[in-house]
Structures are given as structure tokens and as C-alpha cells.
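In the text below, chain A, chain B and the rest are named by the order of the sequence lines, each starting its count at 1. These values consider heavy atoms only, across backbone and side chains, with no hydrogens, waters or symmetry-generated copies.
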Amino acid sequence: MQPHTRSGLTQARPIGDKTLKPKSRGAGRSRLAFAALLAATLANAHADRISYWADESQVAQAQARLGLPRPLALAASWDRELVQQSYSLLGAELARAHKQAALTPELDVLRDLRRGDASAGFGEDPFLTGELGVAAVQGLQTPAKGKPQIWSVVGHVAGPQLPPAGSDLGPIPVSPRELREVFLAPFERVAKQAQPGGLLMSDNEIDGIPSHGNAALIGRIRQEGQFKGAVVGSTEGLQALIETYHVAASPEEAVRLARRTGFDAMAFGPISMLTDKTGKPGGPPAQAPANPSERAAREAVVLLKNDGALPLSKSRPMPVLRVADASPAALSRLKPPAGRYVLVLSGRLPLPSEALTALVEQACAVLAGFELGTHGEKALDEALHGRVNPGGKLPLSLARNEGQLPMFYNVKPSAWRGYLFDTTEPLFPFGWGLSYTRFEIGAPVPASASIRIGEAARVSVSVRNSGARAGDEVVQLYLHHKTASTTEPVKQLVGFARVSKLQPGESRQLEFSVSAEQLSLWNEQMQRVQEAGEIELMAGSNSVELQAVTLKVQEQ
Amino acid sequence: MKTSRRRLLQAAAALPALPLLKARAAVEAVEPTPPYKIAALPIELRVPDLMARMTLDEKIAQLWALWDAKAEIMVDGGMDFSPEKAARAYPNGFGQITRPSDKRGVKPLDKTSRQGAETIAFVNAIQRWATGQTRLGIPVLFHEEALHGYMAPGATSFPVPIALAGSFDTALVRDVNRVIAREMRAHGSQLALSPVVDVARDPRWGRIEETFGECPHVCAEMGVAAVSGLTGDAGTLQPENVFATLKHMTGHGQPQSGTNIGPAMIGERELRESFFPPFREVVRRTKIAAVMPSYNEIDGLPSHANRWLIHDVLRGEWKFPGAVVSDYNAVEELQKLHHVVPDYAGAAQRALHAGVDCELPDGTAYRELPRLARAGLVSVADIDAACARMLTLKFRAGLFENPYASATEAARITNNDEARALALKAAQRSICLLKNEGSLLPLKVGAHARIAVIGPSSDIARLGGYSSDPGHKISLMEALQARLQGQAQLSFSQGVFITQSEDRSADEVLLADPAKNRALIQEAVALARQSDLVLLTLGDTEQTSREGYAVKHLGDRTSLDLVGEQNELFDALHALGKPMVVLAINGRPPSYVNVAAKCRALLECWYPGQEGGTAMVDALFGDINPGAKLVVTVARDVAQVPVFYNAKPPRRPDRYALFPFGFGLSYTRFELSAPRLSSARVPNAKPELTVEVDVRNVGERAGDEVVQLYVHQRQASVARPLKQLRGFARISLAPGEQQTVRLALDARAFALWNAQMQEVVEPGLYELMTGNNSLRGLQTAVLEIVGA
């Protein structure tokens, strides 16, 4: 049997200078420095981390210190501006602690809750993840003294990190077109629109090739994503080349592989490896930005279900069941009230389970806010009592049980034929969230009935508050190709806008533009093309209740 | 005259380059019979000769099959063939008949099947018309289902493939398929839609029973054995053989979220390493005639539109010369389901271009081809190539010489004593012992005076989804009565019903009433209390895990534990503390953690075929010693899925599974030596060696052991699986007997697809692990493969 322990590194022999001498065809100084760095990093895998870098846990600690919700909760706000403000504050905080680069945000599209940490990302949708990723990077890299206050290093290319050892989960099963359409899409959007300082490669492997040895993947991001920043590796990723994937026998081999792969820097290595590529960051701003954490918690509360029991009022008392741990083990110890009750879900987003589904189905109203930060309890309370009208939306599909996994909304048409004795419906669909008022969202009205290849599709959508209270609504726009040369998702998010504080009776008109790139697909020859044909644009308040308009796409 | 004709024929055969028209003219000058009708001429000459005489419409008609459309060629209000209607509806003929044994097209709808003699009369009437009354006399090809038995009334029903594969006995699988072929061909059909060589990685998927399990090597070896049994090893099809169809290329066995035909998001390397090998090996080693693409899409491309898959890989890289036949309605589904084309015409264009030669079951989209060809929207060369492949099958099958079947011969050989004996042997060798605490098994006749036989599959012989009614079949209860007559008091109690009906064609599946089941459980407990031994059957029915072929006809599941009140029944009986043996009857292994933990003895019997009852009794009483192994990893919980033994690091899911791949116990004990290599260093240019393992039966009874050889590459240029099965052998040993098993390895055992997607054997160290399951007690020898 193979030893799959971490002990391999301590046994690795020290690397002499000889092995690091550049080949005669003349690798430059930086190459040599890089190789030495990798070797040193590998040999000191467990040594203290170099302080110019903020790793994922330091980022999470800073977020917590500032009272901010976890990224998944921020995503439930569907509010770009809020995300930008939150990350601007975070960046200032980290810069003040002399950090020059932060490993955040995480742009991993999470299609299977069993893989990776859901709370660290922006959910299951490539577009939502990309848009909020752009906002987060722009916030984090808020200019100070004419330069970004800190560099954002976005992760992980490509796909979720591997789960902890001993778990029954593993290499991410991704196919090439799916990789581009789903997993790389947010990175491409962020690279083009926000120019993050770095991209952190993932520790996983795709189809046998570990990302830390995947030169083609890095090349694709540089080319297709027009990425100019630094490609950053991690010690764990290099270790995995040796100890997990067995594609390198020794640190020397791992170094050679990484060199060929095209890394610019190592996370927690000398920061100059990054800043040689990007320039030095500007450092903390003179004045700390305002803290949006209270508003963030409020905006991230999602009303999942309501038969009229909410908001609570003195005239209608109702037992409230607060569940901060919805794991099956915890739920098995829970005794729900016998009669009607309101369920409040908080804490970590749980894995789906029959127990949770039953609890939700028996409840007359469900309010959810997962890891909302310091102001979470208050925000949930305000929503419960109607002091704030909840307007958050789920950034992922919630499955009814583990047997339905993976569960995501933007499936290909041949998915979900059906189960015996069970449904393919989720417990709650992507984009779902109710309000204490009613919104009427009109069918999308196209600027023209047909467009030509290369043009954007423009539609306007009206939203009207037809209820009795002011409230927020997230208007969502989805695209469907009626026919395409390769299979296309049944729907995919291509636009959204959170409309704030819409007063009773008030209407607003929203304009959406779906770019030619968003209308394109990867054809059989793996070329990105826009095809003539018919597309549907669908608007609504979630991914299920939608009104559609059909547009013709004509040859140029 | 005879001499000169033979000389001409020899000349024609010897000069394939000779312009055909000239050859034909030469032959016709002497003999009016056209060359394509001359049996002695090589098929490579007969096909182009015939095609040169065919119109475009006649060629396209060869790509069509008739199923619902059989109505167009049957007498009104009956099920007999009507030559007049056929001539009217199909002036250019048609290529193929879908399932002559069913009554599709009969109005009103009749779900029953034709009896053997009726099928033969139908087939013969069609052939008489096709060969005698159409312009060129081209016979018709008939295809049938034959997954584990010719699927028509009266034919022998064998254990389902997942069970047969567990025998790890390729000779048995070949013999079983010989009988299937013989019975099917005797009824006038030539093309069997079997075997399934999909690597199955999701037990939620209801079709898992149709597969040979999760291991590419087992699927390949069983696929080769099945095709060799069905088709024989000659280039032309012998009268007792049928063509086989490899299904379903590919990715069908890993559908997203476990729902049938779901997308397979699989990278190219994984396709090449885990999903292609069974197809590739069968193409390499057998006379396989047909391949069927899968319903599903792989990374955005439905297989019936996947030219890379069919044209580049199957035909290009593997040099497959045969026909590619569509799965039922899969060409239409390019439009209706996958939406990669706007209409049926587009579907026909796309499928033909990808390399699909004929459309089953009804040729709905391919009926657009005449119009498309005239408009220049499909290539006539593509139509010619497809037609040539379909005609080649007819020539290979000898249909131009004798297309007829004989009812007398069919009756003589179908389900005869020899076939039934083989069905029994197959069931005996497919039963897998999963647990036997305190050696409860085998039972001794006479040791238990009162035996309670309980459970939903005790009094019914379950055959699996792709079955007809074989006429003879024996349940566990019937077999016990036959075996124990007078030697024990046998009583039966239902315990629970799983479903409300046993109608396999029913779309809706209604679980049995829990309240009624609880009353039945009380009855069963009362009976068990009065008994000395409980034999309990648990598992599925053909309704609760099956091919979900439509939204209205579902078969996949989100929960893998026993359905309904079966756990309650088990717990109630277990609480009595009586000796109890559980016999699992199912097409996929349940994740029955509760049962597996508490029961003393557990036999996985699968759907064991028509003689299954007898085989189970033989296993219970030690008349045979179970020797089968699991060909799938059994998940503990659905949350573990996908779970398979040949995962890549750091995954080690099989460690947490309920039962590992390759696992199965025996009533005796075996000792296996460490592996001995014929050579510890081999060159990568020719990495060939033999691995020897000594196996000794150190127990008291005769028994079978399956020696398994796994390979792991210590370091490679790409991430490698933790282990891959590369050889196996099942041997029988008397008590105290020792034998040496020799397993040969060659480049296929070591090759990988490198970063440049080239298939190479890399120098380095390889662990060769041998044992009797995939997880525990493996012994290792290290092989070095050295570079040139």
C-alpha cells in the first residue's frame, strides 16, 4: 500500500544547490530564485507563514472581526455594491495589518455541497459568482495612493478544493466544456473586469492532471481570460504532487514541474514574487471605510416559506423554533413543537437531509440566514417581527436529501428524468426568497425582436410593488438557447438587479443587456461561437417562476 | 460450365481491384444469377455488386427499422404479415424488423408476446416476401433483446448480468450466451441488443442490474465472453449464432444525480481509462457486429451526435468495421430531449454524419433521408457507407442463402434439458456469500425440524427487468419443497409485499400498504416463533429498480436501503433470536446497513434466473459452495455515491463502504501465497510477465476461490487510480488441495494516457497486488518497468 501520510516531506532530503543550477540554455535570475523559493517552501512546509500574505483563515478571521457575513451569506443579498463595500472594508483592515496580498475571494462554483466549504464561496452559479467576484475584487483592491490598497488573489483554479482526507470524496469530475462554461467562467469575468493581482491554483486534479502541474490550464486562463496578474501556487498543492498524486517523486521534481507549469509566485513565499509582477500595493487608506456589516446581515436574510404566519405580531403569537445546527445528528435530538411553528435556520448551511426537509415542510414559515456575522441574530429578529422586510435570495439550490446530489438549477436538458418514490424538485430552488409584500415582475420586453450575431440582447423588465409594505426584490434574468449545436442548460442566469426599498404601488423599469459573449457557447470543435437561432430570455423573482420572451439571433 | 463458372469466381475473388461491372458482366455472361446472390463470392464483392443495382431510396430503406410501423405491414385487425400492405407501404423495402416476438403495431394495443411458432411464422412470411417479391430480393434483419436470455416466451432465463459477472467465470458467460444465441436464432432473429458493457458507478441508477459492474476489466472480459458466445469466432455467422450489439457507448453508467440518461460529465482521460476499455477490448478481440451509442450526453455532446466518439475513436482508432445502430428513439431525442438540432431532419443529418448507420426502433428521423439526400443536405457517400455496413451484416448472417427459421427446431432446442442445466449452473456460480457468522451456513438437512420461509421474494421467482416468461421457473419455496420433502416442516409467510403489483410493464409503481404489511409482519413473527429456522428473502422487485425509460416510467432511486417495511420485518424476526438466513433478491445491492450488521448469514442471490430457487437451496444446504464475488462496491449510504474501488487518490471510499468490490466468502477457507513474478524487471517496449499465486484450500469442504490481481503505479506523469484489477481466475479446490494460478499481464495492464493524451507505458515501479477481494489482505510484489 502507498503511504498517504504527510510524513513524506520531513523525510525528503535537503536540496543542494547543484539540483537548482539553471540549465545551460540560460534561465534567468528570477527563474533560479523561483526554483530556490519553491524548494525552500517545500522544505519548510510547516514553518511559520510569511506575514505579507493573508491566508483563507486570516481573511475569515478579519471578516468575523469586522462583523461581516460569510461570503455565501453576502451572496444571498445579490447586492454588488454591498459586496464591494464589504470587501473594501476587509481590504483596508488587512492592509492595516501590513498584508499585501489576500487569498480571497473564492470563486469556486459549488455544484455539490459535499465537496468543499459552501460558506466560502458565492454559491452554485457561474454568473452570480463572477459578478460578486468582480465586486469583491474591486472592493478589496480599492485604490489607496493611486494603487490597490491590497492585492486580491482569487482562488481556486479550477474548482473546489479537495475535501479533508478521510472523506469519501475526491478528484473533481469535470469535463472540458463544462470546465470552461461553469468553473472557469467566474475567473474569466473577474480577470477581465477587475484585474486581480493573482490567481491561486487549486490543490485538486482534473482528469488526472493536478492543477499545480497543469500548464494548459494556466495557459488557457492567460489567453481566454486575458489574465495579466501572477499565477500563485500553494505549498499544499506542491506537496500533493508528491504525496497525493504521485506525479513527482521528490521536491526537486515538484519544483521542475511547477517551473514548467508557469507559476509566478508561491502563497506565503516572498511577496516580491507577486509584486514583481503586479507592483507594490498602496497600503491602507487614510480613512477606514464605513462598516456595512449590519446592512449586510439584513440584506442576506432569506424568507423561504410563509403561509402568513410572518411577520410575528403580538396578536398572533407563534412558537419559534431556532435551529443553529441543522445537521442530521443535531436534528435527531430536536423535538419540534406539536402545532404550528416558525422555523429560523442559522449557523452553517447544512447538508441536505430528510430530517431537515421534514422540519421545513411542517413549519408554517421559514426564515434563514446562514453565518450572517455579528448582526445575524438581530437581523433575523427584525425580519421575524417585520421591522425589516426580508429580500435575500438563495445563491444555491437546496436539495431535499443526499440522494438527489448533485443538485443545481442550470442542468442540461437530459438531467432529472425523475426518481421512483421521490422528486427531482429541490426543497428550495436557486434564486428563491419571499417577501412580506408582493411584487409583480413583467415579462421581459426586448429592445428589438431580433438581434444579429455579435450584438447584445437588450430587454427591459418592469417590477411593481403591489403589496402594502415597502420591500426589496431581486429581479433575475435567465437565458435559454432553444436549439444549439451542443447541449445548453435549461436556463442560466445572465442578469440580476436588487431593487431597494420599493414603496407600495411604486414601479421601476430595469434595463438588462446580455452581451454577445454571454450569448456564446463552446461548439463541437471547442470554439467559442455565437450561433444563429432562437433564444429565450426569462425574467422573474427566482429561477422557477419566470416569464419568457423569444428573440431571434440572425447571421451577421 | 461448372468449371468455367468456378474459374470466373476465383478470378473475381482474386482480383478485388477488378472493376465490378466488368466482373459482373463476366459472370452474367455465363450465369444469370447476379454476383451478390452467389454465396461463394466474398462479401466484399457481393455488397458493392448489390449496391450498384440499388436506387438511392432502396439504400435508405435499408437504414430503417419497423416497430410501431409494423402496423403498416400486418393484416388489418390481426398480427399476420401482409405482403400487399408491405408492398404498398414500402415499395423500396425496409432494412430491419424491431422485436418480431412482440405484438407492437397490433390494434388495439396488445402487450403480450407472440408464442415461438407465431414469431417464426411472422419472420418467415416477411423473409419470403422480402427475398421473393421485392425488386432485388434483399432479406430483412431482425433484432431482439437478449440481455440474459432471449427475451421471448419460453426461452431460457439466466441470472442478470451483474450476477453472472460475479461468477468471475468467463467460460460460463460464454456458454450462457451460446444458449441465448441458439434460442434466439432458432426464432429467426439475427441481431441481439446485448451485452451491456457500461461501467456502472451509481447504484441509484436502475439499470445497474443490466451491467457487469463497476470495473472496466471485468466489463471487458465479460463483454468479450458474451460476444464470443453470441456471435462465435468465425467471420460469418453460424446458424446457431447471432450478432451482438455492444451497449451503450458511453458514460451511461455514471448519470448525473443517478437519473437515467443523465449527462455524463467525464473528461477524455477518464473516458479512455475507465469507460472505453470494455468497448475497445471487445472490438479488438471478437467479431462484434454492432455498437450502440448511449442516450446520454458527454460534456455537451449527445453520443448519437458525437462524431469524435463514433467516427474518430470507434471506427478510426479501434478500426471497428461493423454497424452502429441507434438506441431506441435516441436520434429523435437529439431534437426532443437534447435540443442540438431543430427538427427530425436535423437529427437525421447529425446522426448520420456522426456515424449512426441505422435508426431504431422505427427509423422516424431517418425517414427524412430521401428528401435530405435529394436536397443535397446529407452526403450520399455517408448513406452508401451506412447501407454497405447494414448489408454486410445480412451477408455475414447468410440471410441471402437461408433467411428462414424452423418451428420444429426451435421447439426442440429452446429451454431444453441442457439449457436448464446451464441456467442452474449459472445461478449456482453467481450466488455470493456476504456474511456467515458462526458458520450458520451450510445448513444440515434434518437439523431444523420446522423451517419458516418468509419474505416478499420467497414464493416468486424473480427474473429481472429484461425478461419474458420462460415457462419453467422455480421459486425458493418450490425448490425447498422439492429438496426437503418429508425431512422438515416447511411453512411460508409473506412477511411484507414490496409493491402492489408484479406487472413489470406498469408505469406507475405503488408501494404496498404499510398497514397491511404490518399485519403480515405479525403473521410472520407468529410463524417464526413456532419455527427452528427462518429463511428470509429481502430486496427489490423488478418495479423498484429498473430502467427509467420515460418520465412516466421511472426506475432510479434516491434512497438505497430496503424499500417499504422490509427493515421492520427483519427487525421483528431478528428480535426472536432464532437462527435466520437472509437471501437478498435484487438487481442492485441494497445499502442495508441494518440487516448486514445484525444478520448472521447473508447470501446475495441477485435475480438468479429461472432455476434460481434450486440454486439458492443448493447453496443453503451446501450442495454447492458459494464462490461468487461482488462486481460493485456496496455503498453504506447514498451520500457515499459515487463509490468505486478504482478511485484516484486521495479517495479511499471503499474503506467506508458496506462491502468492497471483489468481496465474497466461502464455506471453506483458502490461503493465498504472495504473488511471484516471472520477471521482476521488464522493458516498457514489451512489458509482459506472468504472476503466480499458490492457492490452498485449508478448510474442510470443496470450494471455489477467485484470485484477483490489481496493479498500481507508484509514480506516474498523471494521477493514477489506487488500484486497477488486471487479472482474475476462479478455481475449484478440494479440501487440502493446492493449485497455482497463473495470470498473464501485458502492456494493457500498465498503459496510461499521458498529459499529451498518448497511450504509453511509463518506466517505473508498479505494485502487483493479489488477493481474494479489492480491499483487505492484498499481498504485493513490486515490478520494475524499465525504459528502452
Colleague: Select, from B:Ser559, B:Ser545, B:Gly555, the one with the greatest count of heavy-atom pairs under 4.5 Å involving chain A.
Modeller: B:Gly555
Colleague: Please classify the contact between B:Ser257 and chain A as side chain, backbone, both or neither, with a heavy-atom cut-off of under 4.5 Å.
Modeller: both
Colleague: Please report the closest heavy-atom contact between A:Asp207 and B:Glu270, naming both atoms and the distance.
Modeller: OD1-N, 2.8 Å
Colleague: Pick whichever of B:Ala550, B:Pro302, B:Gly258, B:Ser717 has the most heavy-atom pairs under 4.5 Å with chain A.
Modeller: B:Ala550
Colleague: Shorter than 4.5 Å, heavy atoms on both sides: which option in B:Val551, B:Ile266, B:Asn296, B:Asp556 has the most such pairs with chain A?
Modeller: B:Asp556
Colleague: Between A:Gly213, A:Ala248, A:Pro352, who has the most heavy-atom pairs with chain B when the cutoff is under 4.5 Å?
Modeller: A:Ala248
Colleague: Please report the closest heavy-atom contact between A:Ala249 and B:Gln715, naming both atoms and the distance.
Modeller: CB-OE1, 2.8 Å
Colleague: Are any side-chain N or O atoms of B:Arg557 and backbone N or O atoms of A:Leu420, one a donor and one an acceptor, separated by less than 3.5 Å?
Modeller: no
Colleague: Between CG of B:Leu301 and OG of A:Ser485, what distance do you get to the nearest 0.5 Å?
Modeller: 8.0 Å
Colleague: Check this for me, if you would: do A:Glu524 and B:Arg350 make a salt bridge, where the nitrogen-to-carboxylate-oxygen distance has to be below 4.0 angstrom?
Modeller: yes
Colleague: With a 4.5 angstrom heavy-atom cut-off, is it the side chain or the backbone of B:Ile261 that approaches chain A, or both, or neither?
Modeller: both
Colleague: Is there a donor-acceptor pair closer than 3.5 Å between any side-chain N or O of A:Asp422 and the backbone N or O of B:Thr558?
Modeller: no
Colleague: Suppose a student defines contact as a heavy atom less than 4.5 Å from any heavy atom of chain B. Which residues in residues 406-417 of chain A would they list?
Modeller: A:Pro406, A:Phe408, A:Val411, A:Lys412, A:Pro413, A:Ser414, A:Ala415, A:Trp416, A:Arg417
Colleague: Atom OG1 of A:Thr486 and atom CG of B:Asn306: how far apart are they, to the nearest 0.5 Å?
Modeller: 11.5 Å
Colleague: Atom CG of A:Leu405 and atom CZ of B:Arg204: how far apart are they, to the nearest 0.5 Å?
Modeller: 7.5 Å
Colleague: Against chain B, label A:Glu531 side chain, backbone, both or neither, depending on which of its atoms sit under 4.5 Å from a heavy atom there.
Modeller: neither
Colleague: Side chain of A:Arg177, backbone of B:Gly300: donor and acceptor closer than 3.5 Å?
Modeller: no
Colleague: Mind checking what makes salt bridge (charged side-chain N to carboxylate O under 4.0 Å, His left out) contact with A:Glu425, not counting sequence neighbours?
Modeller: none
Colleague: I need the residue from B:Val718, B:Asn260, B:Leu334, B:Leu752 with the largest number of non-hydrogen atom pairs under 4.5 Å to chain A.
Modeller: B:Val718
Colleague: So how far is it from A:Phe421 CZ to B:Leu510 CG, rounded to the nearest 0.5 Å?
Modeller: 9.0 Å
Colleague: Is it the backbone or the side chain of B:Glu273 that comes under 4.5 Å from a heavy atom of chain A, or both, or neither?
Modeller: neither
Colleague: Would you mind listing every salt bridge (Lys or Arg N to Asp or Glu O under 4.0 Å) that reaches into residues 254-268 of chain B, with sequence neighbours excluded?
Modeller: B:Glu268-B:Arg272
Colleague: Which bit of B:Val341 comes within less than 4.5 Å of chain A, counting heavy atoms only: side chain, backbone, both or neither?
Modeller: backbone
Colleague: Look up atom CD in A:Glu178 and atom CE in B:Met265, then write down how far apart they are to the nearest 0.5 Å.
Modeller: 4.5 Å
Colleague: Does B:Arg776 have any salt bridge (charged side-chain N to carboxylate O under 4.0 Å, His left out) partners at least two apart in sequence or in another chain, and if so, which?
Modeller: none
Colleague: Is a side-chain donor-acceptor pair under 3.5 Å present for A:Thr487 with B:Glu297?
Modeller: yes
Colleague: I need the minimum non-hydrogen distance between B:Val638 and A:Glu402, along with the two atoms involved.
Modeller: CG1-C, 4.2 Å
Colleague: Is it the backbone or the side chain of B:Asp637 that comes under 4.5 Å from a heavy atom of chain A, or both, or neither?
Modeller: side chain
Colleague: For B:Arg269, is it the side chain, the backbone, both or neither that has a heavy atom under 4.5 Å from a heavy atom of chain A?
Modeller: both
Colleague: Between B:His339 and A:His481, is there a side-chain heavy-atom distance shorter than 4.5 Å?
Modeller: no
Colleague: I'd like to check B:Lys648 versus A:Glu205 (side-chain heavy atoms, cut-off strictly below 4.5 Å). Are they in contact?
Modeller: yes
Colleague: Any heavy-atom pair between the side chains of B:Leu554 and A:Tyr419 that's under 4.5 Å?
Modeller: no
